[in-house]
2 protein chains.
Amino acid sequence: MDKSEQIIEAAAELIALNGLQASPVSMVAKHACCGAGTIYRYFDTKEELVEAVYLQLMQRITRATLAGDDPSGDIRSRLSNMWLNLFRYLSDNPRDAALIDQLSVAPAICELKQRMAENELQSGVHSLFEEGRQQGLIKDLPNEVLGIYVYGGISTLVRLAHKVPGLKENTITDDMVLGLCWDAIRIHH
Amino acid sequence: MDKSEQIIEAAAELIALNGLQASPVSMVAKHACCGAGTIYRYFDTKEELVEAVYLQLMQRITRATLAGDDPSGDIRSRLSNMWLNLFRYLSDNPRDAALIDQLSVAPAICELKQRMAENELQSGVHSLFEEGRQQGLIKDLPNEVLGIYVYGGISTLVRLAHKVPGLKENTITDDMVLGLCWDAIRIHH
DNA sequence: TAAAACAGAATGAACGTTCATTCCGGTTAA
DNA sequence: TTAACCGGAATGAACGTTCATTCTGTTTTA
């Protein structure tokens with residue numbers, strides 16, 4: 001494996017486990033089997049390393065969420081497909097679920113988000129919201145609000161399922177996830 | 001004002017503004033007009049001070065949310081009343097809204113939450129959920145999931161309204177808040 | 001052999017916490 | 001009435017620790 005990959009991987013593992021603040025560079029170095037100085041050959045600052053971890057994470061999540069999307073399908077099934085993809089990916093990859101929890105509140109990442117233009121995932125989902133609104137299917141609310149109702153619910157479900165063992169298999173079904181997401185934002189006749 | 005109140009107040013102000021990590025004890029002391037050592041006459045550690053800030057915050061939020069609750073009313077109007085109370089309180093008190101964002105992700109507070117039994121606010125809302133489920137009004141899902149759909153949505157609305165000026169007055173209405181909360185969790189016939 | 005990569009010790013800044021000292025209101029002694 | 005005394009509240013400089021970053025000597029590579 002590429003050395004910088006190795007460093008990003010070690011950082012991701014530690015941050016997911018202990019949080020950003022409890023993951024000093026020296027410890028990342030130890031887990032990446034290199035010296036602390038070596039990390040600075042690849043990243044100017046710790047902040048840059050954390051950004052790299054975040055960007056890779058978002059790539060994985062985006063790829064997983066958009067998998068199998070059929071642009072010719074109807075809105076509802078496209079959205080359903082994405083939500084289930086996301087739900088399953090986070091359920092199957094608890095490390096990435098923990099990582100995004102940790103990173104999305106880190107000041108460095110908040111800044112990064114604001115610097116970046118809308119990302120691929122967000123813009124894809126938002127344009128679907130737009131279409132849905134035009135078809136009279138979806139509430140006329142800001143995309144950010146709709147997005148939060150979808151993502152917030154999913155991430156909470158995943159966290160719960162992980163905390164309460166046995167909950168996932170018995171209670172939290174795909175239908176439930178879809179029902180929550182969809183009922184919250186759709187127009188009810 | 002009591003000295004320890006003064007310290008808690010200064011800490012709350014700074015944490016809401018700069019975040020926990022960017023609020024060293026020395027700075028809290030300066031804003032509370034006392035020496036750093038004085039803080040340790042009232043709180044054994046910084047962590048204890050932060051816990052005190054959090055507990056006071058939750059008291060304010062609980063009081064505001066439960067205001068005017070009529071236990072003899074029907075479920076829907078009781079929940080509606082609480083959600084509007086909470087929405088308005090956070091809208092009118094952006095400092096407390098920021099504070100809860102900052103604190104709810106702090107490791108010290110996460111631990112505190114787990115140590116504490118269910119708080120007054122949570123248990124009140126959860127028992128309403130329970131009643132609603134028995135009446136066939138509300139989805140048969142874990143209370144935590146329902147709770148997140150309600151609180152998560154409200155807090156996001158408040159954050160958005162605060163970020164985009166003019167949004168609050170024009171777009172985000174009480175009806176919208178109620179619609180989102182209610183549609184997400186109710187059973188649709 | 002020259003240059004690039006590497007490791008980990010060294011550095012210095014930031015921070016939470018401690019502690020010897022000062023300050024201040026009340027109590028006692030003369 | 002005044003002066004000496006007392007206790008504990010307050011202070012902020014100093015300490016020890018942690019951590020990101022830099023430095024330096026060594027190893028690997030070409």
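Source: prediction; values computed, not measured. Side chains included, hydrogens not; waters and symmetry mates left out as well; all remaining heavy atoms used. Quick note on labels: first sequence line is chain A, next is B, and so on, each numbered from 1.
Against DNA chain C, the stretch residues 29-43 of chain A makes heavy-atom approaches under 4.0 Å through A:Cys33, A:Cys34, A:Gly35, A:Ala36, A:Gly37, A:Thr38, A:Arg41, A:Tyr42. Residues from residues 11-27 of chain B with heavy atoms under 4.0 angstrom of DNA chain D: there are none.
Pairs of residues two or more places apart, or lying in two chains, that qualify as salt bridge (charged side-chain N to carboxylate O under 4.0 Å, His left out) and include a residue from residues 10-20 of chain A are A:Glu13-A:Arg95. Sequence neighbours left out, the pairs with a member in residues 29-54 of chain B that pass salt bridge (charged side-chain N to carboxylate O under 4.0 Å, His left out) are B:Glu51-B:Arg115.
Judged as a side chain to side chain donor-acceptor pair (under 3.5 Å), and not counting sequence neighbours, B:Asn85 has no contacts. Listed by chain and number, the residues in a salt bridge (charged side-chain N to carboxylate O under 4.0 Å, His left out) with B:Asp96 are B:Arg60 (sequence neighbours excluded). Applying the salt bridge (charged side-chain N to carboxylate O under 4.0 Å, His left out) rule to B:Glu111 yields no partners; only residues at least two apart in sequence or on another chain are considered.
Between the NZ atom of B:Lys3 and the C1' atom of D:dG8 there is a distance of 14 Å, rounded to whole Å.
Using modelled atom types, one side-chain atom of A:Gln6 and one backbone atom of A:Ala32 make a donor-acceptor pair closer than 3.5 Å.
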Would you be so kind as to tabulate the donor-acceptor pairs closer than 3.5 Å made by side chains of residues 63-81 of chain A, with sequence neighbours excluded?
residue, atom, partner, partner atom, Å
A:Thr65, OG1, A:Ile61, O, 2.8
A:Asp69, OD1, A:Arg78, NE, 3.0
A:Asp69, OD2, A:Arg78, NH2, 3.0
A:Asp70, OD1, A:Ser72, N, 3.0
A:Asp70, OD1, A:Ser72, OG, 2.8
A:Asp70, OD2, A:Ser72, OG, 3.1
A:Asp74, OD1, A:Ser77, OG, 2.3
A:Ser77, OG, A:Asp74, O, 3.1
A:Ser80, OG, A:Arg76, O, 2.8
A:Asn81, ND2, A:Ala67, O, 3.2

With a 3.5 Å cut-off and sequence neighbours excluded, list the donor-acceptor pairs that the side chains of residues 153-162 of chain B form with protein atoms.
residue, atom, partner, partner atom, Å
B:Ser155, OG, B:Gly152, O, 3.2
B:Ser155, OG, B:Arg159, NH2, 3.3
B:Thr156, OG1, B:Gly152, O, 2.7
B:Arg159, NE, B:Asp101, OD2, 3.1

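The distance from the OG atom of A:Ser127 to the CD atom of A:Gln122 is 11.5 Å, given to the nearest 0.5 Å. Taken to the nearest 0.5 Å, the CG atom of A:Leu99 stands 11.0 Å off from the CE atom of A:Met58.
Clustering of Ile, Leu, Val, Met, Phe, Trp and Tyr side chains at separations under 4.5 Å places B:Val105 together with A:Val105.
The aromatic rings of B:His188 and A:His188 lie parallel to each other, their planes meeting at an angle below 30°, with 60° marking the opposite boundary.
Annotation: the terminal axes of the helix from C:dT1-D:dA30 to C:dA30-D:dT1 meet at 10°, where each axis is the rotation carrying the C1' atoms of four end pairs onto the next four (5 pairs per end, rounded to 10°).
With a heavy-atom cut-off of 4.0 Å to chain A, the contacted part of DNA chain C has its first and last nucleotide at C:dA5 to C:dG8.
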